[in-house]
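Some notes on the structure that comes next.
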Amino acid sequence: MPSERAPLSVVALISGSGSNLQALIDAQEQGAPFRIRAVISNEPNAFGLERARRHGIATEALNHRDYPDRAGFDSALAAAIDGHDPGLVVLAGFMRILTPAFVEHYRGRLFNIHPSLLPRYQGLHTHKRALEAGDTEHGASVHFVTAELDGGPVVLQARVPVLPRDDPDTLAARVLKQEHVIYPTVVRWFAEGRLRLDADGRPHLDGEVLDEPRRIGPGQGSS
Ligand code: GAR
C-alpha cells in the first residue's frame, strides 16, 4: 500500500569509505521512504563524501582538528546537522566519540551501526578481538545511540559464522555485507513509523517493546 507520509529526512555522519552510506542511498533510490539530505564527515578526504556527491546529496566536511575541544566540535556538528532539520541522524562509520549533550539533543532519532554482536566488543578492533576470543559467531548491530559508547539499545543484529581460516579482513568483509542489509532495514522501519524509543529508553517495534534485538542470519530476511 503506498504510504501517505512524506519521506523521512536523514542526515548521515561518516568518517571513511561510506559503504553503509551507499547501502542507504541504494535503498532510498529503490523506494525506501527516507531521503538523505546531507552527508557530513569529520574527515575531509573521506570517500563517502564522493559517494554522496555522485548521487546529488549535499556534503560538508567538518574537520574535528579545527576545534579546540570535543564540545566545540560537537556543537558545530549539531548546528550543521540542524540546518537540514532531519527527523533522523545516522552514524555510518562515524569514528568520533560524541558528547552526552550531543547525544541527548538527538535522543530517539540517532542510530549507529557497530561491527560486533553488542554488547560484545564495544569500541575498536572488533573482528580481531572476536578471532582472538575463538568465537564461532560474529556480526553487526544497529542500535539507538545513548551516552554510553556502543551501549544504547540494540534493534537489529546480523550474525555471521567465523570460519577456520578467517583473518580480521575476511571476517570484516563478511560482517560488512550484512551491515549493508541491516542498516537500511532499521532506517526503513523508523521511516515507516514502526520503530521508536520510549521515554524510558526502550525501543518499540510495531507497538511492542523489543526486549531482545531482532536477529537475522545470512540468507534470512527481517521484515
Ligand atoms: C563499518 O564496519 C561500521 O560498522 C564501523 O565502521 C565501518 C565503516 O565502514 N563502525 C564502527 O566501528 C563504529 N564504532 P563504511 O565507511 O564502509 O560504512
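Order of listing sets the numbers, starting from 1, for every ligand and every atom in it. Nothing here was measured: the structure is a model prediction, and the numbers come from that model.
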Mind listing the closest non-hydrogen atom pair of F111 and V155 along with its distance?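 Nearest heavy atoms, F111 then V155: CE2-CG2, 4.4 Å.
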
For ligand 1, does T126 get within less than 4.0 Å through its side chain, its backbone, both, or neither, judged by non-hydrogen atoms?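 It is neither part, as no heavy atom is under 4.0 Å.
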
Between S116 and R129, does any side-chain donor sit less than 3.5 Å from a side-chain acceptor?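 There is no such pair between these side chains.
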
Decide if the gap between the ring center of H114 and the ring center of H143 is smaller than 6.0 angstrom.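 Centroid distance H114-H143: not below 6.0 Å, so no.
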
What is the closest protein heavy atom to [atom], and at what distance does it sit?
atom                    : result
atom 14 (N) of ligand 1 : H114 ND1, 3.3 Å
atom 10 (N) of ligand 1 : I113 O, 3.6 Å
atom 9 (O) of ligand 1  : N20 ND2, 4.1 Å
atom 17 (O) of ligand 1 : S19 OG, 2.6 Å
atom 5 (C) of ligand 1  : P115 CD, 3.8 Å
atom 6 (O) of ligand 1  : G93 CA, 3.8 Å

Check this for me: does any side-chain nitrogen of one of R202 and D211 sit under 4.0 Å from a carboxylate oxygen of the other?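 Answer for the salt bridge query: no.
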
Do NZ/NE/NH1/NH2 and the carboxylate oxygens of R53 and E50 come within less than 4.0 Å?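 Looking at E50 together with R53, the answer is yes, because their closest N to O distance falls below 4.0 Å.
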
Can you check whether N112 has an N/O within less than 3.5 Å of an N/O in ligand 1?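 Between N112 and ligand 1 (N or O atoms, distance only) the closest approach is not under 3.5 Å.
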
Just distances here: any N/O of G18 and N/O of ligand 1 closer than 3.5 Å?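 Yes: some nitrogen or oxygen of G18 is under 3.5 Å from one in ligand 1.
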
Under 3.5 Å: donor-acceptor pair, side chain of T126, backbone of P115: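 Indeed, once roles are kept as given, a pair shorter than 3.5 Å links the two residues.
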
For atom 3 (C) of ligand 1, tell me which residue out of Q22, R51, E179 has the closest non-hydrogen atom.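 Shortest heavy-atom distance from atom 3 (C) of ligand 1: E179.
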
Less than 4.0 Å is my threshold; does some heavy atom of I14 fall inside it relative to ligand 1?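 For ligand 1, residue contact (heavy atoms, under 4.0 Å) with I14 is absent.
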
Can you tell me how far the CZ atom of R188 sits from the CG atom of L195, to the nearest 0.5 Å?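 Reported to 0.5 Å precision, the distance equals 13.5 Å.
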
Indicate every side-chain donor-acceptor pair of residues 84-101 with a distance under 3.5 Å to a residue at least two apart or in another chain.
unit_1: T99; atom_1: OG1; unit_2: D74; atom_2: OD2; d: 2.7
unit_1: T99; atom_1: OG1; unit_2: F102; atom_2: N; d: 3.4

